[in-house]
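A note on names: the letters A, B, ... follow the listed sequences, proteins ahead of strands, and every chain is numbered from 1.
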2 protein chains.
Amino acid sequence: MSKTTRSEAAPLTADIGSETIPLKQACVIAAREVIAAEGCAALSLRDVARRLGVSHQAPYRHYPTRDDLLAEVLRQCFAEFAQALAARTPHENAQDELGSLGDAYLGYAAAHPVEYALMFTDPWPQAAHHPAMAQAAKIAFDELRSVLTRVYAQVPAPWQMAWVERDALCIWAAIHGLASISRLDATAALGLAPVSQLRAHVFGMIERSMANESVLNNNIPKQTDT
Amino acid sequence: MSKTTRSEAAPLTADIGSETIPLKQACVIAAREVIAAEGCAALSLRDVARRLGVSHQAPYRHYPTRDDLLAEVLRQCFAEFAQALAARTPHENAQDELGSLGDAYLGYAAAHPVEYALMFTDPWPQAAHHPAMAQAAKIAFDELRSVLTRVYAQVPAPWQMAWVERDALCIWAAIHGLASISRLDATAALGLAPVSQLRAHVFGMIERSMANESVLNNNIPKQTDT
DNA sequence: AGTACATTGTTGACGCTGTCAACTTTTCCT
DNA sequence: AGGAAAAGTTGACAGCGTCAACAATGTACT
(Lines give C-alpha, C1' and ligand atoms only; values in the text may rest on other atoms or scores of the structure.)
Protein backbone atom coordinates (compact mmCIF):
# COMPACT_ATOMS: atom_id res chain seq x y z
CA MET A 1 0.00 0.00 0.00
CA SER A 2 2.95 2.27 0.53
CA LYS A 3 3.94 2.02 -3.10
CA THR A 4 0.87 1.29 -5.17
CA THR A 5 -1.05 4.26 -3.85
CA ARG A 6 0.84 7.41 -2.98
CA SER A 7 -1.52 8.31 -0.12
CA GLU A 8 1.30 8.96 2.32
CA ALA A 9 1.34 12.74 1.83
CA ALA A 10 3.45 12.21 -1.24
CA PRO A 11 5.45 15.41 -1.63
CA LEU A 12 5.47 15.74 -5.41
CA THR A 13 9.12 14.95 -5.34
CA ALA A 14 11.37 12.14 -6.34
CA ASP A 15 14.45 10.63 -4.81
CA ILE A 16 17.58 10.78 -6.85
CA GLY A 17 20.76 9.71 -5.18
CA SER A 18 20.24 10.77 -1.60
CA GLU A 19 18.49 14.06 -2.34
CA THR A 20 14.77 14.65 -2.56
CA ILE A 21 13.95 17.27 -5.14
CA PRO A 22 11.00 18.32 -7.28
CA LEU A 23 10.15 15.82 -9.97
CA LYS A 24 10.59 18.35 -12.74
CA GLN A 25 14.27 18.83 -11.92
CA ALA A 26 14.76 15.16 -11.15
CA CYS A 27 13.61 14.32 -14.67
CA VAL A 28 16.41 16.38 -16.16
CA ILE A 29 19.02 14.77 -13.97
CA ALA A 30 17.78 11.30 -14.75
CA ALA A 31 17.60 12.12 -18.45
CA ARG A 32 21.24 13.18 -18.46
CA GLU A 33 22.18 9.97 -16.70
CA VAL A 34 20.39 7.97 -19.37
CA ILE A 35 22.00 9.94 -22.18
CA ALA A 36 25.44 9.64 -20.62
CA ALA A 37 25.01 5.91 -20.18
CA GLU A 38 23.32 4.91 -23.42
CA GLY A 39 23.33 7.89 -25.75
CA CYS A 40 20.77 10.39 -26.90
CA ALA A 41 18.86 7.94 -29.05
CA ALA A 42 18.23 5.74 -26.02
CA LEU A 43 16.47 8.45 -24.05
CA SER A 44 12.92 7.46 -23.19
CA LEU A 45 10.56 9.05 -20.73
CA ARG A 46 9.52 5.63 -19.50
CA ASP A 47 13.09 4.91 -18.54
CA VAL A 48 13.31 8.23 -16.72
CA ALA A 49 10.11 7.43 -14.86
CA ARG A 50 11.36 3.99 -13.90
CA ARG A 51 14.60 5.36 -12.49
CA LEU A 52 12.71 7.86 -10.38
CA GLY A 53 10.22 5.29 -9.11
CA VAL A 54 7.17 7.09 -10.47
CA SER A 55 4.55 6.01 -12.94
CA HIS A 56 5.30 5.97 -16.63
CA GLN A 57 3.12 9.02 -17.21
CA ALA A 58 4.44 11.30 -14.48
CA PRO A 59 7.23 12.88 -16.54
CA TYR A 60 4.76 13.75 -19.28
CA ARG A 61 3.04 16.10 -16.84
CA HIS A 62 6.12 18.32 -16.90
CA TYR A 63 7.42 17.62 -20.38
CA PRO A 64 4.55 16.97 -22.80
CA THR A 65 6.94 15.46 -25.32
CA ARG A 66 10.26 13.71 -25.33
CA ASP A 67 11.59 16.72 -27.27
CA ASP A 68 10.55 19.11 -24.52
CA LEU A 69 12.62 17.27 -21.97
CA LEU A 70 15.47 17.01 -24.45
CA ALA A 71 15.33 20.75 -25.12
CA GLU A 72 15.62 21.46 -21.40
CA VAL A 73 18.65 19.16 -21.14
CA LEU A 74 20.18 20.93 -24.12
CA ARG A 75 19.52 24.31 -22.58
CA GLN A 76 21.49 23.31 -19.51
CA CYS A 77 24.29 21.88 -21.62
CA PHE A 78 24.59 25.07 -23.64
CA ALA A 79 24.70 27.10 -20.44
CA GLU A 80 27.50 24.93 -19.05
CA PHE A 81 29.30 25.08 -22.38
CA ALA A 82 29.11 28.87 -22.45
CA GLN A 83 30.46 28.93 -18.90
CA ALA A 84 33.39 26.72 -19.91
CA LEU A 85 34.18 29.02 -22.84
CA ALA A 86 33.96 32.09 -20.63
CA ALA A 87 36.41 30.50 -18.19
CA ARG A 88 39.20 30.44 -20.82
CA THR A 89 42.57 31.79 -19.78
CA PRO A 90 42.71 35.48 -20.69
CA HIS A 91 45.47 37.04 -22.74
CA GLU A 92 46.67 40.55 -23.43
CA ASN A 93 46.94 39.76 -27.12
CA ALA A 94 43.50 39.21 -28.62
CA GLN A 95 44.87 36.73 -31.14
CA ASP A 96 46.25 34.62 -28.30
CA GLU A 97 42.92 34.79 -26.57
CA LEU A 98 41.30 33.44 -29.70
CA GLY A 99 43.64 30.48 -29.39
CA SER A 100 42.70 29.92 -25.79
CA LEU A 101 39.04 30.07 -26.75
CA GLY A 102 39.70 27.35 -29.30
CA ASP A 103 41.44 25.32 -26.62
CA ALA A 104 38.51 25.81 -24.30
CA TYR A 105 36.16 24.70 -27.05
CA LEU A 106 38.08 21.54 -27.88
CA GLY A 107 38.77 20.95 -24.22
CA TYR A 108 35.09 20.94 -23.45
CA ALA A 109 34.36 18.67 -26.40
CA ALA A 110 37.01 16.25 -25.19
CA ALA A 111 36.01 16.37 -21.53
CA HIS A 112 32.28 16.10 -22.18
CA PRO A 113 31.91 14.10 -25.39
CA VAL A 114 28.38 13.08 -24.55
CA GLU A 115 27.17 16.64 -24.03
CA TYR A 116 29.07 17.90 -27.06
CA ALA A 117 27.56 15.28 -29.34
CA LEU A 118 24.18 16.07 -27.87
CA MET A 119 24.53 19.76 -28.68
CA PHE A 120 26.17 19.60 -32.07
CA THR A 121 25.73 16.28 -33.79
CA ASP A 122 22.57 14.70 -32.49
CA PRO A 123 19.46 16.14 -34.09
CA TRP A 124 18.06 19.16 -32.29
CA PRO A 125 14.47 19.49 -31.35
CA GLN A 126 13.06 22.26 -33.57
CA ALA A 127 14.80 25.39 -32.35
CA ALA A 128 11.82 27.60 -33.14
CA HIS A 129 9.68 25.60 -30.71
CA HIS A 130 12.18 25.88 -27.86
CA PRO A 131 13.33 29.50 -27.59
CA ALA A 132 15.03 29.03 -24.23
CA MET A 133 17.32 26.42 -25.75
CA ALA A 134 18.11 28.59 -28.76
CA GLN A 135 18.87 31.54 -26.51
CA ALA A 136 21.32 29.52 -24.44
CA ALA A 137 23.07 28.40 -27.63
CA LYS A 138 23.37 31.97 -28.81
CA ILE A 139 24.99 33.06 -25.56
CA ALA A 140 27.69 30.44 -26.06
CA PHE A 141 28.27 31.54 -29.63
CA ASP A 142 28.56 35.15 -28.53
CA GLU A 143 31.76 34.26 -26.69
CA LEU A 144 33.37 33.74 -30.06
CA ARG A 145 31.94 36.98 -31.39
CA SER A 146 33.26 38.81 -28.37
CA VAL A 147 36.84 37.62 -28.82
CA LEU A 148 36.80 38.37 -32.53
CA THR A 149 35.57 41.87 -31.81
CA ARG A 150 38.73 42.32 -29.77
CA VAL A 151 40.87 40.87 -32.54
CA TYR A 152 39.46 43.36 -34.99
CA ALA A 153 39.29 46.23 -32.50
CA GLN A 154 41.42 48.41 -34.76
CA VAL A 155 39.28 47.85 -37.80
CA PRO A 156 36.81 50.64 -38.62
CA ALA A 157 33.17 50.00 -37.88
CA PRO A 158 31.83 49.19 -41.34
CA TRP A 159 34.34 46.35 -41.72
CA GLN A 160 34.55 45.21 -38.13
CA MET A 161 31.12 43.72 -37.71
CA ALA A 162 31.19 42.00 -41.07
CA TRP A 163 34.61 40.50 -40.39
CA VAL A 164 33.57 39.34 -36.96
CA GLU A 165 30.50 37.59 -38.31
CA ARG A 166 32.44 36.09 -41.18
CA ASP A 167 35.28 34.72 -39.08
CA ALA A 168 32.96 33.55 -36.32
CA LEU A 169 31.25 31.35 -38.83
CA CYS A 170 34.48 30.15 -40.43
CA ILE A 171 36.18 29.32 -37.17
CA TRP A 172 33.19 27.56 -35.77
CA ALA A 173 32.75 25.60 -38.99
CA ALA A 174 36.38 24.52 -38.97
CA ILE A 175 36.55 23.55 -35.31
CA HIS A 176 33.14 21.97 -35.20
CA GLY A 177 33.93 20.10 -38.40
CA LEU A 178 37.04 18.74 -36.72
CA ALA A 179 35.12 17.71 -33.63
CA SER A 180 32.46 16.19 -35.83
CA ILE A 181 34.94 14.15 -37.80
CA SER A 182 36.58 12.84 -34.68
CA ARG A 183 33.23 11.73 -33.36
CA LEU A 184 32.27 9.79 -36.47
CA ASP A 185 35.20 7.40 -36.08
CA ALA A 186 35.75 8.46 -39.65
CA THR A 187 39.48 9.07 -39.29
CA ALA A 188 40.28 5.38 -39.23
CA ALA A 189 37.90 4.50 -42.06
CA LEU A 190 39.23 7.28 -44.25
CA GLY A 191 42.88 6.67 -43.54
CA LEU A 192 43.38 9.95 -41.72
CA ALA A 193 45.78 10.66 -38.91
CA PRO A 194 44.34 10.39 -35.40
CA VAL A 195 42.47 13.46 -34.22
CA SER A 196 45.11 14.32 -31.67
CA GLN A 197 47.42 15.35 -34.50
CA LEU A 198 44.78 17.20 -36.45
CA ARG A 199 44.04 19.97 -33.99
CA ALA A 200 47.23 21.83 -34.81
CA HIS A 201 46.44 21.60 -38.53
CA VAL A 202 43.07 23.28 -38.20
CA PHE A 203 44.41 25.94 -35.86
CA GLY A 204 47.19 26.53 -38.36
CA MET A 205 44.73 27.01 -41.18
CA ILE A 206 42.79 29.58 -39.17
CA GLU A 207 45.92 31.44 -38.18
CA ARG A 208 47.34 31.50 -41.69
CA SER A 209 44.00 32.71 -42.97
CA MET A 210 43.80 35.56 -40.47
CA ALA A 211 47.44 36.45 -40.86
CA ASN A 212 46.82 36.85 -44.56
CA GLU A 213 43.85 39.03 -43.79
CA SER A 214 45.93 41.26 -41.55
CA VAL A 215 48.18 41.87 -44.53
CA LEU A 216 45.15 43.19 -46.32
CA ASN A 217 44.44 45.47 -43.38
CA ASN A 218 47.09 47.80 -44.72
CA ASN A 219 45.33 47.96 -48.05
CA ILE A 220 41.68 48.42 -47.24
CA PRO A 221 40.72 50.38 -44.15
CA LYS A 222 42.68 53.21 -42.60
CA GLN A 223 43.38 52.44 -38.96
CA THR A 224 41.95 54.86 -36.41
CA ASP A 225 45.09 55.07 -34.28
CA THR A 226 48.76 53.96 -34.41
CA MET B 1 -4.78 -19.35 -49.91
CA SER B 2 -2.97 -17.39 -52.55
CA LYS B 3 -1.63 -15.02 -49.93
CA THR B 4 -1.37 -16.84 -46.64
CA THR B 5 0.83 -19.59 -48.02
CA ARG B 6 3.31 -18.74 -50.71
CA SER B 7 2.89 -22.09 -52.48
CA GLU B 8 2.40 -20.48 -55.88
CA ALA B 9 6.03 -20.88 -56.96
CA ALA B 10 6.78 -17.77 -54.98
CA PRO B 11 9.50 -15.96 -56.90
CA LEU B 12 11.55 -14.65 -53.96
CA THR B 13 10.95 -11.21 -55.29
CA ALA B 14 8.97 -8.16 -54.40
CA ASP B 15 7.11 -5.60 -56.44
CA ILE B 16 8.28 -2.05 -56.16
CA GLY B 17 6.71 0.42 -58.50
CA SER B 18 6.09 -1.60 -61.63
CA GLU B 19 9.30 -3.64 -61.50
CA THR B 20 9.75 -7.03 -59.95
CA ILE B 21 13.18 -7.41 -58.44
CA PRO B 22 14.88 -9.52 -55.77
CA LEU B 23 13.76 -8.71 -52.28
CA LYS B 24 17.27 -7.88 -51.14
CA GLN B 25 17.53 -4.97 -53.58
CA ALA B 26 13.93 -3.98 -53.07
CA CYS B 27 14.64 -3.53 -49.35
CA VAL B 28 17.30 -0.93 -50.08
CA ILE B 29 15.03 1.01 -52.42
CA ALA B 30 12.18 0.96 -49.94
CA ALA B 31 14.53 1.96 -47.14
CA ARG B 32 15.71 5.01 -49.08
CA GLU B 33 12.10 5.95 -49.73
CA VAL B 34 11.36 5.76 -46.02
CA ILE B 35 14.44 7.79 -45.14
CA ALA B 36 13.67 10.39 -47.77
CA ALA B 37 10.11 10.71 -46.57
CA GLU B 38 10.54 10.60 -42.80
CA GLY B 39 14.23 10.77 -42.00
CA CYS B 40 16.83 8.30 -40.88
CA ALA B 41 15.46 7.92 -37.38
CA ALA B 42 12.13 6.76 -38.80
CA LEU B 43 13.64 3.84 -40.68
CA SER B 44 12.16 0.57 -39.50
CA LEU B 45 12.39 -2.83 -41.09
CA ARG B 46 8.73 -3.43 -40.39
CA ASP B 47 7.86 -0.38 -42.46
CA VAL B 48 10.06 -1.63 -45.27
CA ALA B 49 8.37 -5.02 -45.13
CA ARG B 50 4.94 -3.45 -45.19
CA ARG B 51 5.72 -1.36 -48.24
CA LEU B 52 6.95 -4.43 -50.07
CA GLY B 53 3.96 -6.51 -49.08
CA VAL B 54 5.98 -9.17 -47.27
CA SER B 55 5.95 -10.35 -43.70
CA HIS B 56 7.61 -8.30 -40.99
CA GLN B 57 10.47 -10.77 -40.75
CA ALA B 58 11.37 -11.14 -44.41
CA PRO B 59 13.85 -8.24 -44.54
CA TYR B 60 15.69 -9.67 -41.55
CA ARG B 61 16.65 -12.66 -43.68
CA HIS B 62 18.83 -10.37 -45.81
CA TYR B 63 19.80 -7.76 -43.25
CA PRO B 64 20.11 -9.36 -39.81
CA THR B 65 19.98 -5.95 -38.18
CA ARG B 66 18.58 -2.56 -38.92
CA ASP B 67 22.18 -1.33 -39.02
CA ASP B 68 23.08 -3.80 -41.74
CA LEU B 69 20.41 -2.42 -44.04
CA LEU B 70 21.41 1.10 -43.09
CA ALA B 71 25.06 0.36 -43.88
CA GLU B 72 24.10 -0.87 -47.35
CA VAL B 73 22.09 2.28 -47.97
CA LEU B 74 25.06 4.34 -46.82
CA ARG B 75 27.39 2.42 -49.09
CA GLN B 76 25.24 3.31 -52.09
CA CYS B 77 25.03 6.94 -50.99
CA PHE B 78 28.80 7.21 -50.65
CA ALA B 79 29.24 5.69 -54.09
CA GLU B 80 26.84 8.20 -55.62
CA PHE B 81 28.52 10.99 -53.68
CA ALA B 82 31.94 9.98 -54.98
CA GLN B 83 30.54 9.90 -58.49
CA ALA B 84 29.15 13.42 -58.09
CA LEU B 85 32.54 14.66 -56.85
CA ALA B 86 34.34 12.96 -59.73
CA ALA B 87 31.98 14.67 -62.19
CA ARG B 88 33.23 18.14 -61.20
CA THR B 89 34.20 20.49 -63.99
CA PRO B 90 37.93 20.08 -64.67
CA HIS B 91 40.39 22.97 -64.72
CA GLU B 92 43.91 23.47 -65.93
CA ASN B 93 44.81 25.25 -62.73
CA ALA B 94 44.76 22.82 -59.82
CA GLN B 95 43.70 25.54 -57.39
CA ASP B 96 40.66 26.25 -59.56
CA GLU B 97 39.86 22.57 -59.63
CA LEU B 98 39.89 22.57 -55.86
CA GLY B 99 37.24 25.25 -56.03
CA SER B 100 35.12 23.22 -58.39
CA LEU B 101 35.45 20.23 -56.09
CA GLY B 102 34.14 22.39 -53.28
CA ASP B 103 31.26 23.44 -55.48
CA ALA B 104 30.53 19.84 -56.33
CA TYR B 105 30.58 18.97 -52.62
CA LEU B 106 28.21 21.75 -51.61
CA GLY B 107 26.12 21.16 -54.70
CA TYR B 108 25.58 17.57 -53.74
CA ALA B 109 24.78 18.50 -50.16
CA ALA B 110 22.21 21.02 -51.39
CA ALA B 111 20.69 18.75 -54.02
CA HIS B 112 20.53 15.68 -51.79
CA PRO B 113 20.10 16.96 -48.25
CA VAL B 114 18.62 13.70 -47.05
CA GLU B 115 21.52 11.62 -48.28
CA TYR B 116 24.08 14.14 -47.08
CA ALA B 117 22.63 14.20 -43.59
CA LEU B 118 22.54 10.43 -43.64
CA MET B 119 26.22 10.20 -44.50
CA PHE B 120 27.63 12.97 -42.34
CA THR B 121 25.37 13.94 -39.49
CA ASP B 122 23.21 10.97 -38.64
CA PRO B 123 25.02 8.41 -36.53
CA TRP B 124 26.89 5.79 -38.54
CA PRO B 125 26.58 2.14 -37.90
CA GLN B 126 29.95 1.03 -36.51
CA ALA B 127 32.35 1.43 -39.41
CA ALA B 128 34.50 -1.48 -38.32
CA HIS B 129 31.52 -3.82 -38.67
CA HIS B 130 30.69 -2.67 -42.19
CA PRO B 131 33.90 -2.55 -44.26
CA ALA B 132 32.10 -2.13 -47.58
CA MET B 133 30.54 1.08 -46.33
CA ALA B 134 33.84 2.38 -44.98
CA GLN B 135 35.57 1.58 -48.26
CA ALA B 136 32.98 3.52 -50.26
CA ALA B 137 33.44 6.49 -47.94
CA LYS B 138 37.19 6.38 -48.42
CA ILE B 139 36.85 6.43 -52.20
CA ALA B 140 34.84 9.65 -51.97
CA PHE B 141 37.42 11.21 -49.67
CA ASP B 142 40.22 10.24 -52.04
CA GLU B 143 38.79 12.67 -54.59
CA LEU B 144 39.88 15.48 -52.30
CA ARG B 145 43.29 13.91 -51.77
CA SER B 146 43.72 13.60 -55.51
CA VAL B 147 43.06 17.27 -56.22
CA LEU B 148 45.33 18.40 -53.40
CA THR B 149 48.09 16.22 -54.76
CA ARG B 150 47.84 18.22 -57.97
CA VAL B 151 47.83 21.50 -56.04
CA TYR B 152 51.05 20.54 -54.31
CA ALA B 153 52.56 18.84 -57.36
CA GLN B 154 55.61 21.07 -57.18
CA VAL B 155 56.28 20.35 -53.53
CA PRO B 156 59.02 17.79 -52.83
CA ALA B 157 57.92 14.37 -51.70
CA PRO B 158 58.57 14.57 -47.95
CA TRP B 159 56.32 17.61 -47.65
CA GLN B 160 53.79 16.82 -50.31
CA MET B 161 52.03 13.93 -48.66
CA ALA B 162 51.94 15.57 -45.27
CA TRP B 163 50.49 18.77 -46.72
CA VAL B 164 47.91 16.87 -48.72
CA GLU B 165 46.74 14.99 -45.66
CA ARG B 166 46.73 18.12 -43.55
CA ASP B 167 44.77 20.23 -45.99
CA ALA B 168 42.40 17.42 -46.88
CA LEU B 169 41.37 17.31 -43.27
CA CYS B 170 41.18 21.07 -42.87
CA ILE B 171 39.15 21.62 -46.00
CA TRP B 172 36.79 18.82 -45.22
CA ALA B 173 36.36 20.06 -41.67
CA ALA B 174 35.59 23.57 -42.85
CA ILE B 175 33.16 22.63 -45.59
CA HIS B 176 31.49 19.88 -43.64
CA GLY B 177 31.22 22.21 -40.66
CA LEU B 178 29.47 24.72 -42.90
CA ALA B 179 27.10 22.10 -44.25
CA SER B 180 26.52 20.86 -40.73
CA ILE B 181 25.67 24.30 -39.44
CA SER B 182 23.24 24.92 -42.24
CA ARG B 183 21.49 21.65 -41.50
CA LEU B 184 21.02 22.38 -37.79
CA ASP B 185 18.88 25.44 -38.54
CA ALA B 186 21.38 27.00 -36.21
CA THR B 187 22.01 30.08 -38.30
CA ALA B 188 18.69 31.63 -37.34
CA ALA B 189 19.00 30.71 -33.68
CA LEU B 190 22.54 32.08 -33.45
CA GLY B 191 21.87 35.24 -35.40
CA LEU B 192 24.09 34.27 -38.30
CA ALA B 193 23.66 35.24 -41.90
CA PRO B 194 21.84 32.73 -44.10
CA VAL B 195 23.98 29.92 -45.39
CA SER B 196 23.82 31.20 -48.96
CA GLN B 197 26.12 34.05 -47.95
CA LEU B 198 28.45 31.94 -45.87
CA ARG B 199 29.86 29.76 -48.61
CA ALA B 200 32.08 32.50 -49.95
CA HIS B 201 33.43 33.19 -46.46
CA VAL B 202 34.59 29.63 -45.91
CA PHE B 203 36.06 29.36 -49.39
CA GLY B 204 37.84 32.63 -48.72
CA MET B 205 39.35 31.33 -45.51
CA ILE B 206 40.66 28.24 -47.26
CA GLU B 207 42.12 30.28 -50.11
CA ARG B 208 43.77 32.80 -47.81
CA SER B 209 45.20 29.98 -45.78
CA MET B 210 46.67 28.21 -48.78
CA ALA B 211 47.89 31.44 -50.34
CA ASN B 212 49.78 32.14 -47.15
CA GLU B 213 51.23 28.66 -47.28
CA SER B 214 52.46 29.24 -50.81
CA VAL B 215 54.39 32.22 -49.50
CA LEU B 216 56.12 29.85 -47.12
CA ASN B 217 56.93 27.59 -50.04
CA ASN B 218 59.78 29.91 -50.84
CA ASN B 219 61.17 29.53 -47.36
CA ILE B 220 60.97 25.85 -46.61
CA PRO B 221 61.45 23.39 -49.45
CA LYS B 222 63.55 23.97 -52.53
CA GLN B 223 61.35 23.52 -55.58
CA THR B 224 62.37 20.85 -58.05
CA ASP B 225 61.64 23.11 -61.00
CA THR B 226 60.46 26.69 -61.18
C1' DA C 1 15.67 -40.83 -58.74
C1' DG C 2 15.63 -39.69 -54.02
C1' DT C 3 17.07 -37.61 -49.91
C1' DA C 4 19.31 -34.38 -46.78
C1' DC C 5 20.05 -29.56 -46.14
C1' DA C 6 20.54 -24.67 -46.32
C1' DT C 7 17.91 -20.60 -47.86
C1' DT C 8 13.87 -17.87 -47.85
C1' DG C 9 9.49 -16.57 -45.72
C1' DT C 10 5.60 -16.91 -42.53
C1' DT C 11 3.42 -16.80 -38.05
C1' DG C 12 3.17 -15.84 -33.28
C1' DA C 13 4.86 -14.21 -29.04
C1' DC C 14 7.58 -11.04 -25.84
C1' DG C 15 9.01 -6.58 -23.88
C1' DC C 16 10.06 -2.09 -25.15
C1' DT C 17 8.43 2.55 -26.62
C1' DG C 18 5.06 6.79 -27.03
C1' DT C 19 0.27 8.15 -26.65
C1' DC C 20 -4.59 8.53 -25.35
C1' DA C 21 -8.35 8.36 -21.87
C1' DA C 22 -10.40 7.92 -17.31
C1' DC C 23 -9.54 8.19 -12.68
C1' DT C 24 -7.66 9.69 -7.84
C1' DT C 25 -5.05 12.65 -5.00
C1' DT C 26 -2.84 16.89 -3.77
C1' DT C 27 -2.37 21.80 -3.90
C1' DC C 28 -3.86 26.27 -4.16
C1' DC C 29 -6.91 30.14 -4.52
C1' DT C 30 -11.14 32.69 -3.27
C1' DA D 1 -14.76 25.59 3.66
C1' DG D 2 -15.19 24.59 -1.09
C1' DG D 3 -14.05 24.05 -5.75
C1' DA D 4 -11.00 24.25 -9.64
C1' DA D 5 -6.49 23.24 -11.42
C1' DA D 6 -2.40 20.68 -11.20
C1' DA D 7 0.03 16.31 -10.40
C1' DG D 8 0.10 11.40 -10.52
C1' DT D 9 -1.80 6.69 -11.27
C1' DT D 10 -3.71 3.01 -13.91
C1' DG D 11 -5.03 0.70 -18.02
C1' DA D 12 -5.27 0.17 -22.84
C1' DC D 13 -3.53 0.58 -27.72
C1' DA D 14 -0.40 0.38 -31.81
C1' DG D 15 4.33 0.26 -33.57
C1' DC D 16 8.97 -1.24 -32.99
C1' DG D 17 13.00 -4.93 -32.73
C1' DT D 18 13.87 -9.60 -31.45
C1' DC D 19 13.42 -14.53 -30.57
C1' DA D 20 11.59 -19.16 -31.63
C1' DA D 21 9.04 -22.56 -34.28
C1' DC D 22 7.41 -23.80 -38.61
C1' DA D 23 6.48 -24.30 -44.00
C1' DA D 24 8.08 -24.03 -48.72
C1' DT D 25 11.63 -23.70 -51.99
C1' DG D 26 15.92 -24.81 -54.48
C1' DT D 27 20.32 -27.30 -54.56
C1' DA D 28 23.76 -30.64 -53.95
C1' DC D 29 25.06 -35.27 -53.08
C1' DT D 30 24.66 -40.38 -53.31
Side-chain angles (χ1 to χ4, degrees), chain A residues 1-16 20-28 30-31 34-35 37-73 123 125-126 129, chain B residues 1-16 20-28 30-31 34-35 37-73 123 125-126 129:
Chain A
M1 184 197 288
S2 64
K3 256 217 142 187
T4 53
T5 78
R6 46 184 273 283
S7 51
E8 38 187 295
L12 312 181
T13 64
D15 296 345
I16 191 159
T20 292
I21 58 176
L23 180 56
K24 186 165 186 174
Q25 300 173 31
C27 284
V28 178
V34 173
I35 292 172
E38 311 174 51
C40 172
L43 176 63
S44 82
L45 293 198
R46 275 182 122 100
D47 198 1
V48 167
R50 215 175 297 122
R51 286 170 183 249
L52 297 176
V54 296
S55 81
H56 67 244
Q57 279 290 9
Y60 284 93
R61 288 288 149 184
H62 302 282
Y63 303 100
T65 285
R66 178 181 175 280
D67 275 5
D68 288 295
L69 175 56
L70 189 57
E72 173 58 19
V73 171
Q126 275 205 26
H129 293 23
Chain B
M1 189 197 286
S2 63
K3 257 217 142 188
T4 53
T5 79
R6 49 183 270 284
S7 51
E8 39 186 293
L12 314 181
T13 65
D15 296 344
I16 191 160
T20 292
I21 57 176
L23 181 56
K24 187 165 185 173
Q25 300 174 32
C27 284
V28 177
V34 173
I35 292 172
E38 311 175 49
C40 173
L43 176 63
S44 81
L45 292 199
R46 277 179 121 102
D47 198 0
V48 167
R50 213 174 300 120
R51 286 169 183 249
L52 298 176
V54 296
S55 81
H56 68 243
Q57 279 290 6
Y60 283 94
R61 288 290 147 184
H62 302 281
Y63 303 99
T65 285
R66 179 182 175 280
D67 275 5
D68 288 296
L69 175 56
L70 189 57
E72 173 58 19
V73 172
Q126 275 204 26
H129 293 23

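By the side chain to side chain contact (heavy atoms under 4.5 Å, CB included) test, B/Tyr60 pairs with B/Leu45, B/Gln57, sequence neighbours left out. Legend: residues meeting side chain to side chain contact (heavy atoms under 4.5 Å, CB included) with B/His56, ordered by chain and number and at least two apart, are B/Arg46. With sequence neighbours excluded, the residues that form a salt bridge (charged side-chain N to carboxylate O under 4.0 Å, His left out) with A/Asp47 are A/Arg50, A/Arg51.
We find the CG-CZ distance between A/Leu23 and A/Arg61 to be 11.5 Å, quoted to the nearest 0.5 Å.
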Fill in the blank from the handout: In 5'-to-3' order, the base (B), backbone-only (S) or no-contact (-) status of each nucleotide in nucleotides 12-22 of chain C, using a 4.0 angstrom heavy-atom cut-off, is B----BBBB-B
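When the C1' atom of C/dG9 is taken as reference, atom NZ of B/Lys24 falls 16 Å away, rounded to whole Å.
Phosphate contact (OP1/OP2 of D/dA6, side-chain N/O of A/His62, threshold under 4.0 Å): absent.
Looking at A/Leu70 and A/Thr65, their side chains never come closer than 4.5 Å, going by heavy atoms from C-beta outward.
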